[in-house]
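It should be emphasised that the depicted structure is a prediction, and the values quoted were computed from it without experimental measurement.
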Amino acid sequence: MLVAHTMAQQITVTGKVTSAEDKLGVPGASVKIKGTSTAVQSNMEGAYSIKTKAGDVLQFSYIGFVTEERVVAAGAVINVVLAPDSKGLNEVVVTALGIERSKKTLTYAVQSVKGDDLRKTNQANIINGLQGQIAGAQISSSGGSPGLPSEIILRGSTTLSGDNQPLMIVDGIRVNNSSSNGTVNRLADFNPEDIENISILKGAAAAALYGIDAASGAIIITTKSGKEGTIQIGASYKSFVETMGRTPRQQGIYTVGTGGVFDESTRSSWGRKFRYDEKIYDNIDRFFETAITHDVSVNVNGGSEKLNYYVSGGYRKGGSMIPNTDQEKINLLAKGTAKLSSKIELTTSMNYIKNDIQEGLGGASAGGWINSILTYPRMYDILNYQKPNGEPLYSYVEAGKERDARISPMWGVMRNPRNNNVERFLVNNNLVYKANDWITLNYRLGQDYTNSKYRTIITPGTPGENSFGGAVSENNGVTKYITSNLTSTFDRKFLDDFRGTLILGGSSEYYDNKSVAYSGTNLLVGDIFSPNVVSRDNLTINDVWSRRQRYAVFGDLKLEYKNMLSLGITGRNDWTSTLPENARTFFSPSYSGSFTYSELFENKDKWYGKLRLSYAKVGKDAPIYRTNTNLVGANTVGGGFVTSSTGGNPNLKPEKTEEFELGTELSFFKRRLNVDVTYYQRKSVDMIMSPRVPLPSGYVIMTFNAGSLRNRGVEVSLTGTPVKTEDFTWTTTLNAWKNTSKMLAFAGDIVTFKYSSVQLVAGAAASSLNQPVLGIVGTDYKRNSDGYVIVDKEGYPVLVEKTDESYIGNREPDFNIGFINNLKYKQFNLSFLWDFRFGGDILNASRQGMMSNGIAYDIGQWRDKEFVFNGVVQQSDGSYVKNTKKVVLDYSYFANKYYQVGANFVEKVNWARVRYITLGYQLPKTFASKLGLKNVGLEVSAQNPFIISNYSGGDPEVNSAGPNAGGSGASSMGVDNGAIPLPRSYSFGINVTL
């Protein structure tokens, strides 16, 4: 009877949670029985249903609104209207060291991307998913292969020798985002489905508490956590169809040969015209395939007031438009928070990742991925590459000269792949002790452990002096980042209107990388790829161990007055093992303030206005092992060590970056329109560089503090809700930015610094004195004082003598825009992102290679035709007259006066592209409930569906050498050297909640 009486008291309360501002439903609002762990969330219309009993108190809450409470009476319907938080903007953002702060009182620029917005892009690599979503972020991919890296640079390059990418932090610990051997950047290992939000700290002041490496900003990633309430199970499946995007064009008029004569022994296409009966193959189109990718994710979360948990798993089986290329990735994450007592809370997480990628296309450190495909003569079928017995089928070979034979690039793709196998294990523990209501102690200890294997093989019979006998190479490495942070926070109000927050702490960061590599040529047994079948004379072994230890103490003081005036001061002192003893310690301060002037007005609830001002100075240490001249392994019989050709410098000191930032934030129409504008100036001095030095020094390269550079820019972010009705909502974000850089100084008489891995025939990525940092140098034509090209008496342009270091281009865009739109109509939602780029040069080395081989599309349009160059001819008296002489654009002209000139391959590029379009539909609750489910969602999406551009090549988003220019240099963004164009992908997905 007691049980029956209790059950009789239980009732189901239903209702709707709406906003006082627009009277529309609030989706995702929390409805909780006070004092218990029982809670539900409102649906997309704001409706809810919860089992409770009379006398219970229901709490209704949502971010940005005042929490409401209602007592359950006999009635079964409770509708609640939530009012906006009267304190104004209540958005909380994650800043340095995982500190959560109100955006209203923030004194520097921080931009956030929600996990849901990231997932709408349907990008496997988190960096690619941020395209267009951050003002001031220049993001580029090295190509459309799952194993190639992407690079992100915030507010321009700050160094010419180290990493220009921001510091990567996941749940409070530093994580590995390196890209070794040209493989994918390691942030791509993480599962986007696990991301809750991402905070981008763009300025030095915002990231100053991180000290070293903060000069390039920081990206703070927070993963999902368990939510108090009943257990929830979610699952999603997505299937992608990948096709080739935009590719360079070839000519189909002339066949192989030289000087207009057919000659099959040459690889170039400077021969006669194709005869009508000769087949012409479209090898670029025949090479690339249509591929399928499957992506599955499952997660479970729930908890009570004392314990919550989040467990997820992901599996990706990825295909590629590139033959013999695939990916298999597994992600497992377990995360939980336990309240051990009223004052102690422990959060711990474990993340296991296995990411195996095989790639058919391999390149050098400067790229060159598809150059062999672009230049393969069209008289041959690229799909004919091997005999039925597996032996190579040469397209051209002379008896006894098999090493010099010609073979389809497909042979290398199918028989000589490269494999990158990675296993990662991340452990993260965070212990919080809340001594009282204003003192909190926090200790975090975490490790990112990466075990990677990189392996390449070359099958015997592959043409080439060093490849014909077969080869095998392998690099096995273990990388560890161990992070330990202790912070104490003192947060208290005083004198009624003041609030003070003081954070004191210390940190330790240890980096360790060990690798063992071998390389062997001329296999003794052709079908066994192992060092055991390589003679000792043809086998080299290399062992590397790099270590770095950093310690720091830091403090952060912030004073607030009436939510109107905020002042902040931070200081951090670092000690690092990579600098000499007399320079190992340096101090990084920042000073910032904000003034919310809208608080002075009576109608402050209707609008919002704030000014921000900050200054920061951040130090950066040297690359590992640059203070001493080291011994390196000798690649000779007997092994041993030899002195490195890179000289050490015991007098190195830290790089320093100073940054000034001024910004304003405005909000109108009850926060329906929000504007954030920032101006910044960043200057880096005492930059650490490793240029070439005169040979009498005894070294080829030495490391110096040798220069300074400057970045200036403007960032604008507009967010708004143009339309909001009961059934339809349209929200939009426009991010626009411009960065202008300048190389201010080099050491000694250096005027140009070429990046070590981006020196190509047509030109080189380089930084030149008093020019933009991301420059291009190379050969050029002579010009008069008015800028006209000088033409000789024969009618051809004149080359400048010794022009390999002439400044010929700026790879930095003039202006960028990202335009994001989200439209919701009842159960439908549509999201898409337009990405615009205006200006900025690309060094089209792919076209240069195609021109030199006579297969470029331009050759078919202009070869052997008459032409008058737009230039001037110098007279005997020194004056100039307009050139009128006709010349024939024959093989001699292209070979001697065109494709050797780098300026001919520098293109100023604009583009307008759609990054993604995603259409979703949420099935009615009544239908989902019949299936035993809470929610069912469907979506179709297109990634990179189309692009409009004036670029003559393939996809203009290029970065041939990948992050850090594959060596010394600021970046190889804007260099197209056989880049694999980005694919077009189309996907279908379903997600369910149990």
Side-chain angles (χ1 to χ4, degrees), residues 27-32 36-42 59 61-64 67 90-101 112-119 126 168-173 175 190-199 219-236 297-314 331-341 344-353 425-434 440 442-446 448 483 485 487 489 934-935 991 993-994:
S30 173
V31 183
K32 177 186 175 184
T36 73
S37 61
T38 304
V40 298
Q41 288 186 339
S42 60
Q59 292 179 322
S61 62
Y62 191 74
I63 296 174
T67 299
N90 196 37
E91 182 182 354
V92 174
V93 295
V94 179
T95 62
L97 301 178
I99 301 168
E100 291 187 351
R101 284 182 163 150
S112 298
V113 176
K114 296 179 181 178
D116 289 340
D117 292 330
L118 180 73
R119 283 182 284 278
I126 292 173
M168 300 293 174
I169 304 293
V170 175
D171 289 337
I173 68 169
V175 298
F190 292 89
N191 186 1
E193 294 291 333
D194 291 330
I195 306 302
E196 181 71 28
N197 62 70
I198 302 176
S199 290
I219 291 182
I220 315 299
I221 299 174
T222 303
T223 60
K224 293 179 179 178
S225 299
K227 296 179 180 179
E228 185 179 332
T230 57
I231 185 173
Q232 289 192 356
I233 302 174
S236 67
S297 290
V298 179
N299 68 78
V300 180
N301 83 85
S304 62
E305 285 186 299
K306 292 188 175 181
L307 175 68
N308 64 60
Y309 54 88
Y310 175 84
V311 180
S312 72
N331 293 84
L332 299 173
L333 172 64
K335 185 177 181 181
T337 299
K339 291 185 178 180
L340 305 180
S341 71
I344 301 176
E345 182 178 281
L346 174 66
T347 299
T348 186
S349 66
M350 293 175 287
N351 197 345
Y352 172 76
I353 302 168
F425 192 66
L426 294 92
V427 181
N428 193 342
N429 297 281
N430 186 38
L431 184 65
V432 178
Y433 173 68
K434 193 170 183 60
T440 304
N442 186 308
Y443 177 68
R444 185 184 296 276
L445 177 64
D448 180 6
T483 303
N485 291 323
T487 60
T489 303
K934 292 181 180 178
N935 295 292
N991 60 80
T993 304
L994 281 69

Problem - Nearest-0.5 Å distance that lies between atom CG in Asn935 and atom OG1 in Thr993 - result: 4.5 Å
Practice task
Could you pull out all residues at least two apart from Asn301 that satisfy side chain to side chain donor-acceptor pair (under 3.5 Å)?
Solution key: none
Practice task
Determine yes or no for a side-chain-to-main-chain donor-acceptor pair under 3.5 angstrom, with Arg444 supplying the side chain and Asn428 the backbone.
Solution key: no
Practice task
Take Ile219 and Ile198 through the test side chain to side chain contact (heavy atoms under 4.5 Å, CB included) and record every step on the way to the result.
Solution key: CA-CA 7 Å; Ile219 291 182; Ile198 302 176; 3.6 Å; yes
Handout entry: Point-to-point distance, once rounded to the nearest 0.5 Å, from CG of Leu426 to CG of Asp448
Key = 4.0 Å
Completion exercise
For Gly446 and Ile173 the tightest heavy-atom approach is CA-CG2, 3.9 Å
Practice task
Indicate yes or no: at least one non-hydrogen side-chain atom of Tyr309 is less than 4.5 angstrom from one of Ile231.
Solution key: yes
Completion exercise
Shortest non-hydrogen pair, Asn331 vs Asn191, comes out as ND2-N, 3.5 Å
Practice task
Heavy atoms only: give me the nearest Ile126-Pro192 pair and the separation to one decimal.
Solution key: CG1-CG, 4.3 Å
Practice task
Taking all heavy atoms of Val113 and all of Leu118, pick out the closest pair and write down the distance.
Solution key: CG1-N, 4.3 Å
Problem - Lys339 NZ: over 12 foreign heavy atoms closer than 6.0 Å - result: no
Completion exercise
Rounded to the nearest 0.5 Å, the CG atom of Leu332 sits from the CZ atom of Phe425 at a distance of 10.0 Å
Handout entry: Note, Thr440 side chain near Val432 side chain (heavy atom, < 4.5 Å)
Key = yes
Problem - Heavy atoms from other residues, nucleotides or ligands near NZ of Lys934 exceed 12 (cutoff 6.0 Å) - result: yes
Practice task
Indicate yes or no: at least one non-hydrogen side-chain atom of Asp171 is less than 4.5 angstrom from one of Thr222.
Solution key: yes
Handout entry: Under 3.5 Å donor-acceptor, Thr347 side chain and Asn430 backbone
Key = no
Exercise for the section: State, without any angle test, whether Lys335 and Thr223 hold a side-chain donor-acceptor pair at a distance under 3.5 Å. Expected result: yes
Problem - Residue pair Arg119 / Ile195: nearest heavy atoms and the distance that separates them - result: NH1-O, 2.9 Å
Practice task
Report yes if some heavy atom in the side chain of Ser236 is under 4.5 Å from a heavy atom in the side chain of Glu193; otherwise report no.
Solution key: yes
Problem - Exercise: identify the closest heavy-atom pair between Lys224 and Tyr310 - result: CD-OH, 3.5 Å
Practice task
Let me see the working for Met168 and Ile221 under side chain to side chain contact (heavy atoms under 4.5 Å, CB included), right down to the final yes or no.
Solution key: CA-CA 8 Å; Met168 300 293 174; Ile221 299 174; 5.5 Å; no
Practice task
Give, for atom OG of Ser112 and atom CD1 of Ile220, the distance between the pair rounded to the nearest 0.5 Å.
Solution key: 10.5 Å
